[in-house]
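In this text, all values refer to a predicted model and were calculated from it rather than measured experimentally. Sequence positions, counted from 1, serve as the residue numbers for this chain.
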Amino acid sequence: MNDAEYKRFADAAAQCQMTNAAFLAFAVDKAARDLTRTAAEIATERAVIDELFAARRHLGRIHGLFNQVAKALNSGADAPHLTAAANAVLQAAGRMEGAADSLLAHRDSSAPA
């Protein structure tokens, strides 16, 4: 648990007028009563995060390919579809950023206040 997560946890316990231990026991008991939902939420979030990391790796590879294109262009080669490819990559990067922002916003909004 990082510092921000611990603060959110401790603040939630305090807001419920419970000790950290009592709040943790309550939360664990509540999660244990509905394992299907708990597992689905964890699995869904994990899948989304895995996909975002995969997309980031792909964008890194694309970065390398664009470096190769730049090298070829500097050598006098022609790249007639470079603008379209660059625009497609920019759109994909924008969608990935939007997905990451949405995931973080969802996590922040579902976290105990």
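- To the nearest 0.5 angstrom, D3 atom CG is 11.5 Å from R8 atom CZ.
- Nearest heavy-atom pair, N20 versus A13, reported as atom, atom and distance to 0.1 Å: OD1-CB, 3.5 Å.
- Taking the side chain as every heavy atom from C-beta outward, R61 and L65 never approach each other to under 4.5 Å.
- In this structure the side chain of L73 never reaches within 4.5 angstrom of the side chain of D78, judged on heavy atoms.
- Closest approach of A86 to F66, counting heavy atoms only: CA-CZ, 3.7 Å.
- The minimum heavy-atom distance between M18 and F26, with the atom names listed, is CE-CB, 3.9 Å.
- With rounding to the nearest 0.5 Å, the separation of CE in M96 from CG in D101 is 10.5 Å.
- Cluster annotation: F9 is connected to V28 through the hydrophobic network of ILVMFWY side chains, with a link wherever side-chain heavy atoms come within less than 4.5 Å.
- Distance check: L59 CG to L90 CG gives 10.0 Å after rounding to the nearest 0.5 Å.
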Could you go through the side-chain contact (heavy atoms from CB on, under 4.5 Å) check for L52 and R56 one step at a time?
CA-CA 6 Å; L52 286 174; R56 185 175 79 172; over 6 Å; no
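- If you take CD on Q17 and CD on Q15, they are separated by 9.5 Å, rounding to the nearest 0.5 Å.
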Could you give me the CA-CA distance, side-chain angles and deciding distance for D11 and Y6, then say whether side-chain contact (heavy atoms from CB on, under 4.5 Å) is met?
CA-CA 8 Å; D11 289 349; Y6 179 78; over 6 Å; no
